[in-house]
Undergrad: 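Sharing a structure here in structure tokens format.
All of these numbers come straight from a predicted model, not from anything done at the bench. In what follows, chains are A, B, ... by sequence order, proteins preceding strands, each numbered from 1.
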Amino acid sequence: MSAGEDRSELAARNLRVLEALIFASRDPVSLEDLRPYLSDNADIDALIGDLQTLYAGRGVILVQRGSKWAFRTADDLSFLLRRDETEARPLSRAALETLSIVAYHQPVTRAEIEEVRGVSISKGTLDVLMEAGWVRMRGRRRSPGRPVTYGTTEGFLDHFGLESLGDLPGLDELKGAGLLSSRLPAGFQVPLPFDGALRDDEEPLDAGDSGDTLFDDDENS
Amino acid sequence: MSAGEDRSELAARNLRVLEALIFASRDPVSLEDLRPYLSDNADIDALIGDLQTLYAGRGVILVQRGSKWAFRTADDLSFLLRRDETEARPLSRAALETLSIVAYHQPVTRAEIEEVRGVSISKGTLDVLMEAGWVRMRGRRRSPGRPVTYGTTEGFLDHFGLESLGDLPGLDELKGAGLLSSRLPAGFQVPLPFDGALRDDEEPLDAGDSGDTLFDDDENS
Amino acid sequence: MYVDVGGYEGPLDLLLDLARRQKVDLSRISVLALAEQYLGFIEKVRRQRIDIAADYLVMAAWLAYLKSRLMVPQKADDEEPTGEEMAAMLQFRLARLDAMREASGRLMRRARLGLDVFSRGMPEPVTVTRHSLWEADLYQLLRAYAAQRERGIPAEYAPSQRTVWALQEAREILDRLIGQSFEWVALDSYLAQYLARPEERTTALASSFTASLELVRLGTVEMRQSEPFAPLLMRRRASESDS
């Protein structure tokens with residue numbers, strides 16, 4: 001074997017090693033990190049250049065990040081790594097119950113929802129309903145702590161086939177449908193949902209209001 | 001531009017897409033997952049073949065793992081890349097033997113594993129292998145007591161660099177020597193490790209099936 | 001020969017080790033010699049009064065039987081497996097275990113992922129943006145609302161007949177429960193079946209306690225309590241005529 005063949009074989013091996021090391025590394029790799037794995041006197045800059053040429057125009061390319069090197073998906077194919085999926089799934093019982101309370105009792109605060117439900121509600125539950133576009137923050141109650149008031153959206157009416165909130169069945173209709181038992185204590189009432197902009201005891205949300213503070217704390221706890 | 005050029009351009013693009021998607025993933029990717037990203041009527045097997053050829057002999061190669069494909073560093077570079085410290089807790093002898101029995105005899109029940117080893121296996125042994133992602137519960141044997149059958153996973157193939165169970169080292173000799181049967185030798189059919197969905201004498205696990213009852217008892221003992 | 005039983009993974013493992021000491025191919029080992037070695041080993045261990053797992057003893061019994069089958073000629077009408085068949089089965093099991101052990105070695109010596117071969121160090125995960133379309137209809141919504149409101153209604157109050165144990169009644173019950181027991185028994189355990197009913201608990205306790213004092217006064221029952229709130233123990237008092 002000639003010295004020339006030896007050299008080119010060595011170069012080919014160096015290139016393979018470089019490729020494997022950059023591929024397997026968890027972070028971009030510096031040339032200094034790579035050098036110990038290569039044969040003595042290897043021209044690392046030339047090798048990097050060769051590797052870059054090898055990958056030029058391919059689905060994966062060799063890119064420089066500062067003084068380090070890494071493989072990345074070619075820019076024009078990065079859309080492959082993003083995907084939109086739409087899925088339909090049933091609303092959880094907690095979400096359904098919370099939604100129904102918001103619908104009937106609006107404007108309603110989180111504490112009031114919990115009072116009706118008898119259990120606390122997680123941040124996620126209201127989040128899901130807001131994300132679904134059925135519940136919105138209306139304003140803040142003029143009371144100590146200024147809790148956020150929630151109400152339903154147009155999207156809610158749309159989804160549930162209601163022309164207005166007034167279409168929500170009242171006490172007698174719920175009884176008639178067998179949804180409420182007929183032996184209810186005297187004074188049991190089903191509220192008439194408030195349909196207007198802001199009620200007297202509500203004030204508008206602050207600009208950029210992100211909701212109850214209590215709420216955000218929950219997220220971190 | 002001629003139709004021929006169009007076609008070759010499309011093929012080149014398909015190849016780049018395939019390369020990018022498999023390269024981007026740490027775990028092997030199935031062809032079904034890849035197909036939606038390719039042009040209609042793309043010959044995915046031919047593309048995989050082209051990609052494999054493109055990477056043959058390189059530092060990073062395209063390998064088959066069961067029904068999936070992945071890029072991995074070349075075997076022969078192991079001496080450079082080897083990280084000894086990653087195997088912090090080597091498997092016990094019991095676990096090693098159990099792993100090979102599951103691999104070569106699958107689908108296999110716990111009682112059959114014990115029969116081969118001549119000793120009962122502790123709950124921890126199969127647990128360790130399942131936690132490593134190498135062994136899974138496949139189903140239940142259609143026999144009295146409906147014992148759970150165990151088999152290997154795709155992660156097992158990936159970890160040990162096997163294209164399929166047919167690649168298990170020494171499989172043919174063992175089969176030839178009649179050592180893969182679970183009963184006496186003397187010229188009866190020798191089953192091969194079975195990788196398919198469920199065999200005739202297996203039935204699916206129940207929803208939320210947590211394995212042999214015996215198994216659960218062990219845990220509490 | 002010294003062998004640490006604890007070092008073996010069961011009787012088959014021990015047999016395999018003994019078989020290897022014959023330094024011949026597993027298919028050519030002398031099963032008879034192997035059986036004798038095993039039995040000798042178990043005997044020795046038992047002499048040293050070392051506890052041996054039952055597995056080892058079962059194997060020893062089987063090998064002793066195998067030995068007798070190998071040494072005594074079998075009758076033609078014998079339906080049991082012959083000594084040779086049993087020996088073949090043992091050889092097969094040893095060879096199979098040996099093969100599996102060898103196979104695990106070969107597996108572990110392969111170029112393994114994460115040790116010898118590596119996956120992409122910086123995977124570029126596909127980011128999936130999920131748009132959830134929630135399913136819920138008006139009926140579900142109304143049912144959820146009604147169910148919650150119903151849950152919130154305090155349970156209906158119906159004045160119920162109060163059960164009260166009359167003192168005389170309590171005395172009769174207690175007298176019957178204590179029977180002829182001369183053992184100290186806690187009042188609570190006598191009344192267990194009544195105390196389980198919340199509506200009866202208080203009256204059962206109060207009335208039977210008062211009745212018990214009456215029984216003590218009459219000298220038919222003895223009571224004792226080791227400290228405040230400790231169980232109240234009582235027993236039938238042995239009368240003079242009985243002793």
Undergrad: Just checking Tyr37(A): does its OH atom have more than 12 heavy atoms from other residues, nucleotides or ligands closer to it than 6.0 angstrom?
TA: no
Undergrad: Applying side-chain contact (heavy atoms from CB on, under 4.5 Å) between Arg16(A) and each of Val60(B), Leu80(B), Asp76(B), report the one that passes.
TA: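 That would be Asp76(B).
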Undergrad: Supply the atom-to-atom distance Glu19(A) CD to Ile61(B) CD1, rounded to the nearest 0.5 angstrom.
TA: 10.5 Å
Undergrad: Determine the option with the most heavy-atom pairs under 4.5 angstrom with chain A, choosing from Gly59(B), Ala12(B), Gly57(B).
TA: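 Going by pairs under 4.5 Å, I would pick Gly59(B).
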Undergrad: If I measure from the heavy atoms of chain B, does Arg13(A) come under 4.5 Å with its side chain, its backbone, both, or neither?
TA: side chain
Undergrad: Taking atom CD of Glu115(A) as the centre, does the number of heavy atoms from other residues, nucleotides or ligands within less than 6.0 Å exceed 12?
TA: no
Undergrad: Check whether Leu54(B) gets within reach of chain A through its side chain, its backbone, both or neither, counting any heavy atom under 4.5 Å.
TA: side chain
Undergrad: Please say whether more than 12 non-hydrogen atoms of neighbouring residues, nucleotides or ligands are located less than 6.0 Å from CZ in Arg93(B).
TA: yes
Undergrad: Side chain from CB out, backbone as N, CA, C, O: work out which of these in Leu81(A) comes under 4.5 Å of a heavy atom of chain B, or both, or neither.
TA: side chain
Undergrad: Is there side-chain contact between Thr73(A) and Phe23(B), with at least one heavy-atom pair below 4.5 Å?
TA: no
Undergrad: Is the CZ atom of Arg58(B) crowded by more than 12 outside heavy atoms at less than 6.0 Å?
TA: yes
Undergrad: Using heavy-atom distances under 4.5 Å, tell me whether Arg26(B) contacts chain A through its side chain, its backbone, both, or neither.
TA: neither
